[in-house]
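As the structure is a computational prediction, the values presented were derived from the model and not from experiment. Order of appearance sets the numbers: ligands from 1, and atoms from 1 within every ligand.
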Amino acid sequence: MPVNRDTVLDWMRRFAGEMAEHRAELVRLDTAIGDGDHGTNMDRGMRKALERLDSADQADAGAVLKTVAMALVSTVGGAAGPLYGTLFLQMGGALAGRDEVDLDGYVEAWRKGLQGVQTRGKAEPGDKTMVDALVPAVDAMERAPDLDTALKEAVDAAERGTRDTIPMVARKGRASYLGERSRGHQDPGATSTYYLYRSAAEALGG
Ligand code: ADP
Ligand code: MG
(Lines give C-alpha, C1' and ligand atoms only; values in the text may rest on other atoms or scores of the structure.)
(Ligands and ions follow the chains in the order given, each with its own letter.)
Protein backbone atom coordinates (compact mmCIF):
# COMPACT_ATOMS: atom_id res chain seq x y z
CA MET A 1 0.00 0.00 0.00
CA PRO A 2 1.22 3.53 -0.69
CA VAL A 3 1.85 5.87 2.21
CA ASN A 4 -0.82 8.53 1.75
CA ARG A 5 -3.60 10.25 3.66
CA ASP A 6 -5.98 7.29 3.61
CA THR A 7 -3.48 4.64 4.65
CA VAL A 8 -2.09 6.84 7.42
CA LEU A 9 -5.65 7.41 8.62
CA ASP A 10 -6.15 3.64 8.62
CA TRP A 11 -2.88 3.25 10.55
CA MET A 12 -4.08 5.64 13.26
CA ARG A 13 -7.48 3.90 13.49
CA ARG A 14 -5.75 0.55 13.89
CA PHE A 15 -3.36 1.96 16.50
CA ALA A 16 -6.34 3.31 18.47
CA GLY A 17 -7.85 -0.19 18.26
CA GLU A 18 -4.63 -1.75 19.56
CA MET A 19 -4.52 0.68 22.47
CA ALA A 20 -8.11 -0.19 23.41
CA GLU A 21 -7.47 -3.90 23.03
CA HIS A 22 -4.19 -3.92 24.97
CA ARG A 23 -5.15 -1.31 27.52
CA ALA A 24 -5.18 -3.81 30.43
CA GLU A 25 -1.81 -5.30 29.44
CA LEU A 26 -0.22 -1.83 29.28
CA VAL A 27 -1.76 -0.95 32.65
CA ARG A 28 -0.34 -4.15 34.13
CA LEU A 29 3.16 -3.42 32.77
CA ASP A 30 3.03 0.18 34.04
CA THR A 31 1.74 -0.98 37.43
CA ALA A 32 4.90 -3.06 37.88
CA ILE A 33 7.38 -0.22 37.29
CA GLY A 34 5.33 2.99 37.13
CA ASP A 35 1.96 4.35 38.19
CA GLY A 36 -0.26 2.03 36.16
CA ASP A 37 -1.75 4.56 33.77
CA HIS A 38 -0.01 3.88 30.45
CA GLY A 39 -2.87 1.82 29.01
CA THR A 40 -5.57 4.26 30.09
CA ASN A 41 -3.46 7.23 28.92
CA MET A 42 -2.92 5.84 25.44
CA ASP A 43 -6.46 4.55 25.05
CA ARG A 44 -7.96 7.88 26.14
CA GLY A 45 -5.58 9.88 23.92
CA MET A 46 -6.20 7.78 20.82
CA ARG A 47 -9.98 7.81 21.34
CA LYS A 48 -9.81 11.59 21.43
CA ALA A 49 -7.60 11.58 18.33
CA LEU A 50 -10.17 9.49 16.41
CA GLU A 51 -12.96 11.87 17.44
CA ARG A 52 -10.98 14.77 16.03
CA LEU A 53 -10.09 12.88 12.86
CA ASP A 54 -13.78 12.11 12.31
CA SER A 55 -14.90 15.68 12.78
CA ALA A 56 -12.61 17.38 10.25
CA ASP A 57 -11.20 16.65 6.82
CA GLN A 58 -7.46 16.05 6.73
CA ALA A 59 -5.64 17.41 3.68
CA ASP A 60 -2.81 14.88 3.68
CA ALA A 61 -0.93 12.33 5.80
CA GLY A 62 0.92 15.15 7.55
CA ALA A 63 -2.35 16.74 8.65
CA VAL A 64 -3.65 13.40 9.97
CA LEU A 65 -0.57 12.94 12.14
CA LYS A 66 -0.66 16.54 13.34
CA THR A 67 -4.27 16.15 14.46
CA VAL A 68 -3.38 12.97 16.38
CA ALA A 69 -0.35 14.68 17.94
CA MET A 70 -2.41 17.63 19.17
CA ALA A 71 -5.04 15.32 20.65
CA LEU A 72 -2.39 13.32 22.54
CA VAL A 73 -0.59 16.38 23.86
CA SER A 74 -3.81 17.98 25.08
CA THR A 75 -5.48 14.91 26.62
CA VAL A 76 -2.68 12.74 28.00
CA GLY A 77 -1.07 13.94 31.20
CA GLY A 78 1.72 11.38 31.49
CA ALA A 79 5.16 11.34 29.90
CA ALA A 80 4.15 9.18 26.96
CA GLY A 81 1.39 11.48 25.65
CA PRO A 82 3.71 14.38 24.84
CA LEU A 83 6.40 11.95 23.61
CA TYR A 84 4.01 10.24 21.19
CA GLY A 85 2.71 13.72 20.35
CA THR A 86 6.23 14.76 19.39
CA LEU A 87 6.76 11.57 17.37
CA PHE A 88 3.60 12.16 15.34
CA LEU A 89 4.15 15.91 15.00
CA GLN A 90 7.67 15.42 13.63
CA MET A 91 6.57 12.62 11.33
CA GLY A 92 3.64 14.73 10.18
CA GLY A 93 5.93 17.65 9.44
CA ALA A 94 8.10 15.42 7.28
CA LEU A 95 5.08 14.08 5.36
CA ALA A 96 3.21 17.39 5.05
CA GLY A 97 2.19 18.56 1.59
CA ARG A 98 3.01 15.26 -0.09
CA ASP A 99 0.38 13.18 -1.85
CA GLU A 100 2.28 9.96 -1.75
CA VAL A 101 5.49 9.08 0.01
CA ASP A 102 8.11 6.57 -1.10
CA LEU A 103 10.16 4.35 1.22
CA ASP A 104 12.95 6.94 1.61
CA GLY A 105 10.49 9.67 2.55
CA TYR A 106 8.67 7.37 4.95
CA VAL A 107 11.84 6.22 6.71
CA GLU A 108 13.02 9.82 6.91
CA ALA A 109 9.74 10.73 8.63
CA TRP A 110 10.30 7.98 11.23
CA ARG A 111 13.89 9.18 11.73
CA LYS A 112 12.61 12.73 12.36
CA GLY A 113 9.99 11.40 14.76
CA LEU A 114 12.58 9.40 16.70
CA GLN A 115 14.88 12.44 16.87
CA GLY A 116 11.97 14.47 18.24
CA VAL A 117 11.32 11.89 20.97
CA GLN A 118 15.00 11.86 21.94
CA THR A 119 15.32 15.65 21.89
CA ARG A 120 12.32 15.96 24.14
CA GLY A 121 12.86 13.00 26.48
CA LYS A 122 16.66 12.77 26.40
CA ALA A 123 16.53 8.95 26.48
CA GLU A 124 19.24 6.87 24.84
CA PRO A 125 19.02 3.20 23.83
CA GLY A 126 19.39 1.09 26.96
CA ASP A 127 17.48 3.51 29.22
CA LYS A 128 14.40 1.22 29.17
CA THR A 129 11.95 3.43 27.27
CA MET A 130 10.03 3.54 23.99
CA VAL A 131 13.34 4.57 22.39
CA ASP A 132 14.47 0.94 22.81
CA ALA A 133 11.71 -0.15 20.43
CA LEU A 134 12.02 2.81 18.07
CA VAL A 135 15.77 2.77 17.42
CA PRO A 136 16.07 -0.83 16.19
CA ALA A 137 12.84 -0.49 14.19
CA VAL A 138 13.93 2.68 12.37
CA ASP A 139 17.40 1.19 11.79
CA ALA A 140 15.80 -1.94 10.30
CA MET A 141 13.62 0.15 7.97
CA GLU A 142 16.65 2.02 6.71
CA ARG A 143 18.26 -1.24 5.56
CA ALA A 144 15.15 -2.62 3.84
CA PRO A 145 14.80 -2.73 0.02
CA ASP A 146 11.06 -1.97 -0.11
CA LEU A 147 8.18 -0.76 2.06
CA ASP A 148 6.68 -4.18 2.80
CA THR A 149 10.00 -5.57 3.93
CA ALA A 150 10.70 -2.39 5.89
CA LEU A 151 7.46 -2.73 7.84
CA LYS A 152 7.87 -6.45 8.50
CA GLU A 153 11.43 -6.04 9.73
CA ALA A 154 10.48 -2.99 11.80
CA VAL A 155 7.77 -4.99 13.59
CA ASP A 156 10.26 -7.77 14.38
CA ALA A 157 12.91 -5.28 15.50
CA ALA A 158 10.43 -3.38 17.70
CA GLU A 159 9.30 -6.65 19.27
CA ARG A 160 12.89 -7.70 20.01
CA GLY A 161 13.70 -4.20 21.26
CA THR A 162 10.71 -4.34 23.57
CA ARG A 163 11.70 -7.73 24.95
CA ASP A 164 15.26 -6.48 25.41
CA THR A 165 13.97 -3.86 27.87
CA ILE A 166 13.16 -6.63 30.40
CA PRO A 167 16.67 -6.97 31.90
CA MET A 168 17.36 -3.21 31.69
CA VAL A 169 17.48 -0.84 34.65
CA ALA A 170 15.36 2.24 33.89
CA ARG A 171 17.24 5.51 33.63
CA LYS A 172 14.41 7.75 32.40
CA GLY A 173 10.81 8.36 33.43
CA ARG A 174 9.00 7.14 36.52
CA ALA A 175 10.47 3.64 36.34
CA SER A 176 13.91 5.16 37.00
CA TYR A 177 12.78 5.94 40.58
CA LEU A 178 12.85 2.18 41.19
CA GLY A 179 16.51 1.81 40.21
CA GLU A 180 17.56 -1.86 40.31
CA ARG A 181 13.98 -2.93 41.09
CA SER A 182 12.93 -1.91 37.57
CA ARG A 183 14.94 -4.87 36.24
CA GLY A 184 12.97 -7.91 35.12
CA HIS A 185 9.96 -6.00 33.77
CA GLN A 186 9.09 -5.07 30.19
CA ASP A 187 8.79 -1.35 29.51
CA PRO A 188 5.19 -0.25 28.86
CA GLY A 189 6.10 2.54 26.42
CA ALA A 190 8.29 0.23 24.32
CA THR A 191 5.37 -2.20 24.26
CA SER A 192 2.92 0.41 22.93
CA THR A 193 5.52 1.37 20.29
CA TYR A 194 5.62 -2.27 19.19
CA TYR A 195 1.82 -2.06 18.70
CA LEU A 196 2.31 1.17 16.77
CA TYR A 197 4.55 -0.69 14.30
CA ARG A 198 2.23 -3.64 14.15
CA SER A 199 -0.67 -1.39 13.17
CA ALA A 200 1.53 0.36 10.59
CA ALA A 201 2.42 -2.98 9.00
CA GLU A 202 -1.28 -3.94 8.88
CA ALA A 203 -2.33 -0.63 7.35
CA LEU A 204 0.59 0.03 5.00
CA GLY A 205 2.13 -3.39 4.44
CA GLY A 206 1.32 -5.80 1.62
P1 ADP B 1 3.99 8.39 33.10
O2 ADP B 1 5.32 7.73 33.23
O3 ADP B 1 4.08 9.87 33.22
O4 ADP B 1 2.96 7.77 33.99
P5 ADP B 1 3.04 6.76 30.92
O6 ADP B 1 2.82 5.74 31.96
O7 ADP B 1 1.91 7.03 29.99
O8 ADP B 1 3.52 8.14 31.57
O9 ADP B 1 4.27 6.33 30.01
C10 ADP B 1 5.39 5.64 30.53
C11 ADP B 1 6.33 5.32 29.39
O12 ADP B 1 6.84 6.51 28.85
C13 ADP B 1 7.54 4.53 29.81
O14 ADP B 1 7.26 3.13 29.81
C15 ADP B 1 8.59 4.91 28.79
O16 ADP B 1 8.59 4.03 27.68
C17 ADP B 1 8.13 6.25 28.32
N18 ADP B 1 9.03 7.31 28.80
C19 ADP B 1 9.05 7.88 30.01
N20 ADP B 1 10.01 8.83 30.07
C21 ADP B 1 10.62 8.83 28.85
C22 ADP B 1 11.69 9.57 28.25
N23 ADP B 1 12.33 10.53 28.93
N24 ADP B 1 12.03 9.30 26.97
C25 ADP B 1 11.37 8.32 26.28
N26 ADP B 1 10.35 7.61 26.78
C27 ADP B 1 9.99 7.84 28.05
MG1 MG C 1 2.49 5.78 33.93
Enumerated ligand 1 atoms positioned under 4.0 Å from heavy atoms of D30: 6 (O)

Nearest non-hydrogen protein atom, atom 23 (N) of ligand 1: G121 O, 2.8 Å

Protein residue, atom and distance nearest to atom 20 (N) of ligand 1, heavy-atom basis: G173 CA, 3.5 Å

Atoms of ligand 1 close to G189 [distance to a heavy atom under 4.0 angstrom, numbered from 1]: 13 (C), 14 (O), 16 (O)

Shortest-distance N, O or S atom of D35 relative to the Mg ion (ligand 2): OD1

Ionic contact status for R47 with D43, cut-off 4.0 Å: yes

Polar contact flag for R174 and ligand 1 (N/O pairs, less than 3.5 Å): yes

Nearest non-hydrogen protein atom, atom 12 (O) of ligand 1: A80 CB, 3.9 Å

Atom of D37 nearest the Mg ion (ligand 2) (restricted to N/O/S, atom name only): OD1

Same apolar cluster (I L V M F W Y, side chains within < 4.5 Å links), L83/M70: no

Salt bridge D132-K172, side-chain N to carboxylate O under 4.0 Å: no

Any N or O of V117 closer than 3.5 Å to N or O of ligand 1: no

Nearest-neighbour protein heavy atom for atom 13 (C) of ligand 1, which is reported as residue plus atom name and distance: D187 OD1, 3.5 Å

Pair E180 + R183: basic N to acidic O under 4.0 Å: yes

SB check R98 D60 (cutoff 4.0 Å): no

Closest protein heavy atom (residue, atom, distance) for atom 24 (N) of ligand 1: A123 CB, 3.5 Å

Atom nearest to the Mg ion (ligand 2) - D30, N, O or S atoms considered: OD2

Steps toward salt bridge (Lys or Arg N to Asp or Glu O under 4.0 Å) verdict (R14, E18): CA-CA 6 Å; R14 287 172 190 269; E18 294 273 13; over 6 Å; no

Donor-acceptor side-chain pairing of T7 and D10 below 3.5 angstrom: no

Geometric N/O contact K122 with ligand 1, under 3.5 angstrom: no

Pair E142 + R111: basic N to acidic O under 4.0 Å: yes

Ring centres under 6.0 angstrom apart (Y197, W11): no

Between T191 and Q186: side-chain donor-acceptor atoms closer than 3.5 Å: yes

Shortest protein contact, atom 21 (C) of ligand 1 (heavy atom only): L83 CD1, 3.5 Å

W110 with L89, same ILVMFWY side-chain cluster at under 4.5 Å: no

Other residues, nucleotides, ligands: >12 heavy atoms within 6.0 Å of D57 CG: no

Protein contact to atom 3 (O) of ligand 1 [nearest heavy atom, distance to 0.1 Å]: A79 N, 2.8 Å

Selected option - heavy-atom contact closest to atom 4 (O) of ligand 1, from L134, T40, D35: D35

Close approach of P188 to ligand 1, heavy atoms, under 4.0 angstrom: yes

Proximal atoms of ligand 1 relative to G78 (non-hydrogen, under 4.0 Å): 3 (O), 8 (O)

Side chains of R52 and S74, donor plus acceptor under 3.5 Å: yes

M130 to ligand 1, any heavy atom closer than 4.0 Å: yes

Distance from atom 5 (P) of ligand 1 to nearest protein heavy atom, with residue and atom: H38 ND1, 3.5 Å

Per-residue contact class, T129 against ligand 1 - non-hydrogen pairs under 4.0 Å: both

Atom indices of ligand 1 within 4.0 angstrom of D37 heavy atoms, with elements: 4 (O), 5 (P), 6 (O)

